[in-house]
Amino acid sequence: MKTIFTLASGRSGTSYLAHFFKHNVQDCYSTHEPYFTYRNPVLFGQAIAWNTYQEDEKLLPLLQRKKDFITRVNKPVYFESNHAFLKTCHRYAARLIDLPGFIHLVRDPRYVAKSELVREQLMRKIHFPFAYYKRRDKHLFQWSLTGDEAIFEYYKDIDISRYQFYLLQWIEIEYRATQLLINNNWQDKVFFIEVEKDLKNSSVLLEMLYFFGLMSFHKELKTNLKTNKTPFVGPTQLSEKDLHESEQIFFKLPQQYKSLFMRSPYKNCQWISAISGD
């Protein structure tokens, strides 16, 4: 069985891609975030903390349950567009997947961070149940990193805003994506999509299917599909404060992270000059 996961942050088109696979790809089990699927762990919440704090005695049985579920799926292709993957599984992905494939979704991090912030603020405002859990005397958001990951150590002298927290989370996720591919020699198993430009581009999506050796139901791909919009708010907008806080984060970014964005696939993104200062 070919198993395909997205390498992505939240608010980067993962929901759209799950619908695309469901409506276009033959013989494929497609899921986004499997909240209501029996025995298929969704991997948010405590699982993220277990990975961060390397509590592998709790994490590894959970990942084995997911692998068992994938194995039981009676389809040639399993696709999951879950942004928990890099938050929870990046250290043990090779144990989880036998025949891997990846779709690397990258969206302008400033808009990712703002969209993540707006989504969390809305959940807080409507008192969304179980959105937070307590861990190490901290109340943590179910869908985010803990704030104790390595990258946050470089910003201990700054009282970072929640918007800046999400910028740093995006950077950490992209660093993990790169290291995952390098450490496992999987560079030839990933298809890159720049979200703003290519996510709904039929020719790019068709190229993606060819890349993975997949077949479509239709002569013309169905691309007018549902996206996971935040309710009650319009398109994501950046304020002057957001732009200033973005500059503060990227100016102070350590070299091992900064050099990441000087290489492919990031160096060709339309927004890269805005965060690199070039």
Side-chain angles (χ1 to χ4, degrees), residues 7-12 14 44-54 83-88 90-91 105-128 131-179 195 230 233 235-262 266 269 271-278:
L7 305 179
S9 292
R11 318 305 303 146
S12 297
T14 52
F44 289 112
Q46 289 282 5
I48 297 174
W50 293 342
N51 184 44
T52 295
Y53 303 124
Q54 298 190 18
H83 65 91
F85 179 75
L86 285 171
K87 293 172 179 164
T88 302
H90 75 292
R91 293 186 299 125
L105 295 168
V106 176
R107 181 187 178 194
D108 185 328
R110 300 167 301 168
Y111 286 88
V112 169
K114 188 60 177 284
S115 187
E116 295 245 42
L117 173 64
V118 169
R119 176 64 64 95
E120 182 180 356
Q121 288 173 334
L122 177 62
M123 288 187 174
R124 189 189 295 270
K125 184 176 181 180
I126 66 175
H127 303 286
F128 192 87
Y132 295 86
Y133 65 99
K134 191 172 182 180
R135 180 63 196 257
R136 295 192 174 186
D137 298 322
K138 297 168 68 175
H139 283 88
L140 300 174
F141 191 51
Q142 288 278 356
W143 297 274
S144 73
L145 295 178
T146 67
D148 287 330
E149 291 76 15
I151 192 169
F152 294 98
E153 292 294 321
Y154 295 99
Y155 294 83
K156 286 292 188 181
D157 60 334
I158 298 176
D159 185 18
I160 64 171
S161 68
R162 193 61 175 170
Y163 170 75
Q164 290 176 316
F165 172 94
Y166 279 121
L167 277 177
L168 291 172
Q169 175 175 272
W170 181 90
I171 295 166
E172 173 65 19
I173 292 301
E174 293 306 314
Y175 185 76
R176 291 183 182 188
T178 301
Q179 293 304 306
V195 170
T230 300
V233 298
T236 303
Q237 302 288 333
L238 297 178
S239 67
E240 289 298 321
K241 181 173 180 288
D242 297 329
L243 295 174
H244 173 72
E245 291 187 350
S246 299
E247 291 175 359
Q248 186 180 30
I249 290 296
F250 288 107
F251 179 78
K252 189 178 170 61
L253 192 63
Q255 188 58 39
Q256 69 264 36
Y257 295 95
K258 189 175 293 185
S259 62
L260 176 71
F261 303 116
M262 299 170 65
Y266 308 96
C269 290
W271 40 262
I272 193 64
S273 62
I275 70 169
S276 65
D278 295 337

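- Here Gln46 contributes atom CD and Asn51 contributes atom CG; the two are 12.5 Å apart, rounded to the nearest 0.5 Å.
- In this structure, Phe152 and Ile160 have side chains that are in contact, with non-hydrogen atoms separated by less than 4.5 Å.
- Scanning all heavy atoms of the two residues, the minimum distance from Ser12 to Leu105 falls at O-CD1, 3.7 Å.
- For Asp159, the CG atom sits in a loose shell: 12 or fewer heavy atoms of surrounding residues, nucleotides or ligands are nearer than 6.0 Å.
- When Leu145, Ile173, Ile151 are each tested for a side-chain contact (heavy atoms from CB on, under 4.5 Å) with Leu168, only one passes: Ile151.
- To the nearest 0.5 Å, atom CD of residue Glu247 and atom CG of residue Asp242 are 11.5 Å apart.
- Residues Tyr175 and His90 keep their aromatic ring centres 6.0 Å or farther apart.
- Inter-residue side-chain proximity for His83 and Leu86 is flagged as unmet; no heavy-atom pair is nearer than 4.5 Å.
- Looking at residues two or more places apart in sequence or on another chain, you find no side-chain contact (heavy atoms from CB on, under 4.5 Å) involving Lys125.
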Determine whether Leu260 and Thr178 satisfy the following criterion, side chain to side chain contact (heavy atoms under 4.5 Å, CB included), listing intermediate values before the conclusion.
CA-CA 8 Å; Leu260 176 71; Thr178 301; 3.1 Å; yes

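- In this structure the side chain of Gln169 reaches within 4.5 angstrom of the side chain of Lys87, judged on heavy atoms.
- The structure places OG1 of Thr52 at 8.5 Å from CD of Glu172, a figure rounded to the nearest 0.5 Å.
- Separation of the Tyr166 and Trp143 ring centroids does not fall under the 6.0 Å cut-off.
- A salt bridge does not link Lys114 with Asp108: every distance from a Lys NZ or Arg NE/NH1/NH2 to an Asp or Glu carboxylate oxygen is 4.0 Å or more.
- Atom CD of Glu240 is surrounded by 12 or fewer heavy atoms from other residues, nucleotides or ligands within 6.0 Å.
- For Gln142, the side-chain contact (heavy atoms from CB on, under 4.5 Å) test picks out Tyr133, with sequence neighbours left out.
- Put simply, the side chain of Tyr53 reaches to within 4.5 Å of the side chain of Thr146, judged on heavy atoms.
- For the pair Ser9 and Val112, the tightest heavy-atom approach, listed with the atom from each and the gap, is CB-CG1, 4.1 Å.
- Using a distance-only test at 3.5 Å, with no hydrogens or angles considered, a donor-acceptor pair links the side chain of Tyr155 to the main chain of Ile249.
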Trp170 vs Val106, side chain to side chain contact (heavy atoms under 4.5 Å, CB included): CA-CA, chis, key distance, verdict:
CA-CA 10 Å; Trp170 181 90; Val106 176; 3.9 Å; yes

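- Qualifying salt bridge (Lys or Arg N to Asp or Glu O under 4.0 Å) partners for Glu153, counting only residues two or more places apart in sequence or in other chains: Lys156.
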Side chain to side chain contact (heavy atoms under 4.5 Å, CB included) evaluation trace for Leu253 with Phe261:
CA-CA 11 Å; Leu253 192 63; Phe261 303 116; 4.0 Å; yes

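- When only modelled atom types and interatomic distance are considered, Glu120 and Tyr132 share a side-chain donor-acceptor pair under 3.5 Å.
- For Ser115, the side-chain contact (heavy atoms from CB on, under 4.5 Å) partners at least two apart in sequence or on another chain are Arg11, Arg107, Thr236.
- A donor-acceptor contact under 3.5 angstrom links the side chains of Arg119 and Thr230, judged on distance only.
- The two residues Ser161 and Glu245 come nearest to each other via the heavy atoms OG-OE1, 2.7 Å.
- Asp137 is linked by a salt bridge (Lys or Arg N to Asp or Glu O under 4.0 Å) to nothing, counting only residues two or more places apart in sequence or in another chain.
- Annotation for Ile275 and Phe250: closest pair O-CB, 3.3 Å, computed over non-hydrogen atoms.
- For the side-chain contact (heavy atoms from CB on, under 4.5 Å) test, residues two or more places apart in sequence or in another chain that qualify with Gln248 are Ile158, Gln164.
- Side-chain atoms of Gln256 and Ser259 include no donor-acceptor pair closer than 3.5 Å.
- Taking 4.5 Å as the limit, every side-chain heavy atom of Arg124 sits out of range of all side-chain heavy atoms of Phe141.
- Using modelled atom types and a 3.5 Å distance limit, the side chains of Tyr266 and Glu174 yield a donor-acceptor pair.
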Side chain to side chain contact (heavy atoms under 4.5 Å, CB included), that's the test. Do Arg110 and Trp271 meet it? Break it down for me.
CA-CA 9 Å; Arg110 300 167 301 168; Trp271 40 262; 4.3 Å; yes

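- Heavy atoms only, all atoms of each residue included: Phe165 and Gly147 are closest at CE1-CA, 3.7 Å.
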